[in-house]
Asks: 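Pasting in a structure now, in structure tokens, and then I'll have a few things to ask.
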Amino acid sequence: MDSKENKNKSFIGGTLILGIAGLVIKVLGAAFRIPLGNIIGAEGMGYYQKAYPIYNLFLTLAIAGIPTAIARLVAERYAVHRPKEAYKVFRSSFYLLLCTGIVTSSALILSAKWLTGTYLSTPKAYYCMVAIAPALLFCPLMSAYRGFFQGRQNMKPTAVSQVVEQIFRVALGLGLAILLLPKGVEYAAAGASFGATAGGIFGFLGIAY
């Protein structure tokens with residue numbers, strides 16, 4: 001009975017932690033998009049918003065439900081007291097996500113010119129696409145850790161990495177947009193897009209170390 005109560009408390013606590021993290025992320029997101037529109041204007045936001053749907057598509061392909069599977073498999077192995085097997089699941093999944101991250105980030109960089117010039121008919125969005133592509137390497141790696149910790153009913157690392165990711169995305173995205181604006185609005189928009197890459201890097205470091 002005590003074990004069941006502890007599990008319920010752990011689940012409620014984890015849900016609360018993720019809920020608070022989600023709220024912080026939404027506030028930071030609003031604190032990013034509103035000033036960003038003022039900095040780079042409608043033209044820059046147009047370039048910025050062209051890159052994101054393509055990035056999200058590639059990210060979906062890179063991850064493809066693997067973190068959920070990791071959490072489930074890890075939870076199953078911990079339930080029967082086999083932590084070594086749980087770690088093997090994590091390690092195998094980590095390398096799989098590393099491979100899919102390399103493939104998708106490389107594919108986005110290599111196809112960026114065609115996507116922006118031909119498919120989207122917005123050649124100046126090229127810089128945004130290239131700036132955000134490296135995030136496809138770090139976000140899948142981060143999701144491997146999130147799946148592992150969630151499988152162990154430990155939501156704190158996920159919450160911390162989400163908040164760290166968003167803080168660096170906002171801070172560096174806005175900072176680079178301001179810094180690069182004199183070079184042209186397309187470069188400023190690319191700086192804002194690179195915020196997602198910076199967020200992915202620091203979010204990964206936050207959960208891995």
Side-chain angles (χ1 to χ4, degrees), residues 22 24-67 97-144 146 161-206:
V24 172
I25 288 165
K26 284 185 183 298
V27 171
L28 288 171
F32 176 69
R33 294 187 72 87
I34 294 169
L36 180 63
N38 293 328
I39 294 165
I40 63 177
E43 182 186 353
M45 288 301 289
Y47 301 145
Y48 178 81
Q49 289 172 352
K50 288 283 185 180
Y52 252 88
I54 303 295
Y55 162 75
N56 284 330
L57 173 62
F58 275 76
L59 184 61
T60 301
L61 292 173
I63 295 175
I66 297 173
L97 286 166
L98 174 62
C99 291
T100 60
I102 291 170
V103 169
T104 51
S105 59
S106 300
L108 185 55
I109 290 170
L110 293 173
S111 63
K113 264 217 185 316
W114 177 82
L115 285 169
T116 55
T118 305
Y119 181 68
L120 298 173
S121 302
T122 315
K124 287 187 177 180
Y126 168 77
Y127 304 104
C128 288
M129 202 79 79
V130 171
I132 204 172
L136 290 168
L137 175 59
F138 293 98
C139 289
L141 298 182
M142 184 165 44
S143 71
R146 287 175 179 173
S161 72
Q162 286 176 340
V163 173
V164 168
E165 180 185 4
Q166 189 75 335
I167 287 171
F168 279 95
R169 175 175 174 261
V170 171
L172 289 180
L174 290 177
L176 287 171
I178 294 167
L179 188 66
L180 294 172
L181 189 58
K183 292 182 177 292
V185 72
E186 66 270 30
Y187 294 103
S193 292
F194 186 77
T197 295
I201 293 169
F202 285 100
F204 168 66
L205 292 175

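Heavy-atom basis, side chains included; hydrogens, waters and symmetry copies ignored. What you see is a predicted model; the values in this text were computed from it and never measured.
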Asks: Which residues pass the side chain to side chain contact (heavy atoms under 4.5 Å, CB included) test with Ala133, sequence neighbours left out?
Replies: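 So Ala133 forms a side chain to side chain contact (heavy atoms under 4.5 Å, CB included) with Leu108, Ile109.
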Asks: With a 4.5 Å heavy-atom cut-off, do Tyr55 and Tyr52 have their side chains touching?
Replies: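 In contact.
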Asks: Who are the side chain to side chain donor-acceptor pair (under 3.5 Å) partners of Ser143, not counting sequence neighbours?
Replies: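 Testing Ser143 for side chain to side chain donor-acceptor pair (under 3.5 Å), a comparison that skips the adjacent residues, returns none.
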Asks: Pairs in or reaching into residues 31-49: which pass side chain to side chain donor-acceptor pair (under 3.5 Å), with residues at least two apart or in two chains?
Replies: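 Sorted result for residues 31-49: Glu43-Tyr47, Tyr48-Arg169.
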Asks: How far apart are the closest heavy atoms of Lys50 and Ala125, and which atoms are they?
Replies: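 Closest heavy-atom pair between Lys50 and Ala125: CB-CB, 4.1 Å.
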Asks: Check side chain to side chain contact (heavy atoms under 4.5 Å, CB included) between Leu28 and all other residues, then give those that pass, not counting sequence neighbours.
Replies: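 If we apply the side chain to side chain contact (heavy atoms under 4.5 Å, CB included) test to Leu28, skipping adjacent residues, the hits are Val24, Gln166, Ile167, Val170.
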Asks: How long is the gap from CE on Met142 to CG on Leu137, to the nearest 0.5 Å?
Replies: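 Reported value, rounded in 0.5 Å steps: 11.0 Å.
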Asks: Atom CG in Leu205, atom CG in Leu141: separation rounded to 0.5 Å?
Replies: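 The CG atom of Leu205 sits 10.5 Å away from the CG atom of Leu141.
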Asks: Restricting to pairs with a member in residues 97-111, which pass side chain to side chain donor-acceptor pair (under 3.5 Å), not counting sequence neighbours?
Replies: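 For residues 97-111, and leaving out neighbouring residues, there are no side chain to side chain donor-acceptor pair (under 3.5 Å) pairs at all.
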Asks: Side-chain atoms of residues 185-195: list all donor-acceptor pairs with protein atoms under 3.5 Å, sequence neighbours left out, distances to 0.1 Å.
Replies:
| unit_1 | atom_1 | unit_2 | atom_2 | d |
| --- | --- | --- | --- | --- |
| Ser193 | OG | Ala189 | O | 3.2 |

Asks: Does Tyr126 have any side chain to side chain contact (heavy atoms under 4.5 Å, CB included) partners at least two apart in sequence or in another chain, and if so, which?
Replies: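 For Tyr126 the side chain to side chain contact (heavy atoms under 4.5 Å, CB included) partners, ignoring immediate neighbours, are Ala112, Lys113, Thr116, Val130.
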Asks: Give, for atom CG of Leu136 and atom CD1 of Ile102, the distance between the pair rounded to the nearest 0.5 Å.
Replies: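 Reported to 0.5 Å precision, the distance equals 12.0 Å.
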Asks: Going by the side chain to side chain contact (heavy atoms under 4.5 Å, CB included) test, name the single residue among Ile201, Leu59, Leu97 that passes it with Cys139.
Replies: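 Going through the options one by one, the only one that passes is Leu59.
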Asks: CE/Met129 to CZ/Phe58 distance, rounded to the nearest 0.5 angstrom?
Replies: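 If I round to the nearest 0.5 Å, the distance is 8.0 Å.
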Asks: Any idea which heavy atoms bring Ala196 and Ala135 closest together, and the distance?
Replies: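 For Ala196 versus Ala135, the nearest heavy atoms are O-CB, 3.9 Å.
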Asks: Distance from Leu181 atom CG to Ile39 atom CD1, nearest 0.5 Å?
Replies: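 So the CG of Leu181 and the CD1 of Ile39 are separated by 8.0 Å.
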Asks: Among all residues two or more places apart in sequence or in another chain, which pass the ring pair (Phe, Tyr, Trp, His ring centres under 6.0 Å) test with Phe168?
Replies: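 Ring pair (Phe, Tyr, Trp, His ring centres under 6.0 Å) check on Phe168 returns Phe202.
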Asks: Return the CD1 to CG distance between Ile178 and Leu36, rounded to the nearest 0.5 Å.
Replies: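 Between Ile178 CD1 and Leu36 CG, I get 9.5 Å after rounding to 0.5 Å.
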Asks: So which heavy atom on Ser161 is nearest to which on Arg146, and how close?
Replies: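 Result for this residue pair: OG-NE, 3.0 Å.
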Asks: What are the two closest heavy atoms between Pro35 and Leu174, and how far apart are they?
Replies: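 Heavy-atom minimum between the residues: CG-CD1, 4.0 Å.
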